[in-house]
Amino acid sequence: MPNSSSEVTAAGIARLAGVGRAAVSNWRRRHADFPKPVGGTETSPSFALAEVEQWLRDQGKLAEVPLRERVWQQLASHPAGAVTALVHAGCTLLLVRDRPTVWLEAAAVSDERLAELLPAALDAVLRRRLGTSAASVNISAAGASAPRTDISAGPVAAVNTPGAAALRPSVPLLRGVAELSAELGAAQAFEFLVGRQLDANPRQYTLTPPGPAALMAALAGSARTVLDPASGTGALLRAVDRPEALYAQEADPELAAVTALRLALHTDAEVRAGCGDALRADAFPQLAADAVLCHPPFNERNWGHDELAYDPRWEYGFPARTESELAWVQHALARLRPGGTAVLLMPPAAASRRSGRRIRAGLLRRGALRAVVALPPGAAPPYGIPLHLWVLRKPDAGQPPAPEVLLVDTTELAGAGGGGRDRLDWQAVQNTVLEAWPPFDRQGTAEEQPGVSRSVPVIELLDDDVDLAPARHLPPAAGGGAEELARVRERLTDTLRLTGELTPQAARCAEPAHWPATTVGELARAGALVLSAGAASTALTPAPSAPSEGRTVPVLTEQDVLAGTAPSGLLAGGTDEEPPVRVEEGDVVVPVLGGGSVVRVVDRATAGAALGRNLQLLHPDPDALDPWFLAGFLRGTANTRQASSYASTATRLDVRRLQLPRMPLAEQQRYGERFRTLAAFEDALRLAGRLGEQLVQGLYDGLTDGTVLPE
């Protein structure tokens, strides 16, 4: 797989060698034979990948470049850009998967000849899977995307068959992609490359996380044909279970092409994808879908207000210039069959802005709006606000409007530490919503759950504001009154008593010790411990009736380690490109971001969980290292300070540089027992703090709602 022209940045070198960026900087300073930059800038140079690989091997820092890493570096350094290379890779993976014999015959020739043979083969497979080979993403001979034309001229298909001139620089990459497909499978190989591209450009794309995507698909129910008119990276359509046809439209030409290929590789369903603004240039104007899933762009002023004033889609009222989200709501309803369901992710302001009250009233009167669900903050971008899910149903002629609307509030279901992107208890969110929606959907009403859900009569919402924010219409949650507070107080008293018993004895002073020391890196090389990095990310599990039930594993997240809580994440089985790292009893887990000194020894209850992102796992040999001794010395302030690197925005811990004293195992166990009692004392303090906060807030709530007397 030749790649003499590929370049790699310092970050890529660090990934190849499994070290931090600081280590690469040190190599450049300390080793005169380190490869010289061949491109980039003075502050962000790039290096020849082949030279870097050879230097790492010569230094004993690299036995062999992993295939997936080599392919990614080729894609990232493609002369026409990473997205163009990604499109070429996706087209080739479709060919490899659907017509392997054609690929094998073509791959047996020279690179030049392969570039000439591929266009015809790719065109055939693209026509079969995507229905067309004409596209808006006109890949030029150099491989760059052509300038985007006026989208009002009409929608166009998403993927264009690249020509021989465009494919010629990609041939080495495509051979590697095919090899990676044999290792991972075509769909997983493309998911790996797409994931790397998204991770490398986090501000370029607005992603719908797997949790909200799975929940939206579950709310839409069983559907044969599903449309996403603002498909982004395709997350919502990928969450649909066993569809017959998927329709996607995206305004960004490059993203539209990647998403179309991603869907084609993900499912055997019919895939049709268009490029263009769905409000101005609808790619599927005659479609009557069973379901529409949409995460529309928020707060857009230039959505077509001036040129779309008389559009027939505005059946419930012409949206104001500031109400682009209500334009997307009506577009979704217009593309449904009668009785079809649409689920949209919406900003909370859309439920209460005065400029949209007339349209909201129209949706309620016609029975089109069926539910509004408030999600916890951190569910999806923008992560700082609690977004809403709107569930809509296209009215069926002859059927009376539904008299009630379901309102659900899950904002209080955030995990430990007050919520956030990595702290959400998605299992609780899913259970709450899917326990309320199906009974309401069947019966038109649902049992009230104070503080959580309520079936509200439409007439109650049709006031001057037509405010649909769930929290404003739900009765307060029952706090349990004085009896519940008494139980919390009793637990707090017991915990405070335990804290007193565990309080460490007065320390005896001594002179600073000067033990012979070693580092974690040296211990790893000697085989005394094994280092592993966490990569699992949390995801919402499917609905209880989904076929993948029982295939999820808990994820120990960074926030779980910092807060001392049980694993709160969930990883959907089979979604990662490689198996997650599992923790075992006695392992030591260290967060690598933030420069803190928190270390956790895995207990029996946590064993078996997957290791989350930004965590480093140390698996000690019990015959050489005591885990509590290891964890205790890793927490030393001076130790973490000397092992940390500092950037302008973050502090990162290089676990390999953490130091330990050389001690016999018996002496380690003596220190380890003291560290274990300190950890128990710390856990008791944490629990006391949480119970104290619960008691105080409960008393405030009880006094203010009258369930607790001021005596």
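At distances below 3.5 Å, not a single donor-acceptor pair connects side-chain atoms of N201 with backbone N or O atoms of L198. At least one donor-acceptor pair closer than 3.5 Å links the side chain of R600 to the backbone N or O of D560. Side chain of S170 to backbone of L173: no donor-acceptor contact under 3.5 angstrom is found.
Using a 4.5 Å heavy-atom cutoff, the side chains of Q59 and D33 are in contact. In this structure, L634 and V588 have side chains that are in contact, with non-hydrogen atoms separated by less than 4.5 Å. Between P622 and P627 there is no side-chain heavy-atom pair separated by less than 4.5 Å. Contact of the W103 side chain with the L118 side chain is registered, since non-hydrogen atoms from C-beta on lie closer than 4.5 Å. The side-chain heavy atoms of L122 and L167, taken from C-beta on, include a pair separated by under 4.5 Å.
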Report task. Show the numbers, then the answer: is there a side-chain hydrogen bond (donor to acceptor under 3.5 Å, both in side chains) between R238 and T233? Result -> CA-CA 9 Å; R238 292 182 74 248; T233 60; over 6 Å; no

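The residues R656 and E522 are annotated as not salt-bridged, no charged nitrogen and carboxylate oxygen being separated by less than 4.0 angstrom. Using a 4.0 Å cut-off between charged nitrogen and carboxylate oxygen, R168 and E112 count as a salt-bridge pair. Look at E69 and R196 and you find a salt bridge, because one of the NZ, NE, NH1 or NH2 atoms lies within 4.0 Å of a carboxylate O, short of that distance.
No side-chain donor from either of R242 and T267 sits under 3.5 Å from a side-chain acceptor of the other.
Ring orientation note: the planes of F34 and W27 are tilted relative to one another, at an angle of 30° to 60°.
A cation-pi contact links R68 to F192, judged by a cut-off of 6.0 Å to the six-membered ring centre and 45° from its axis.
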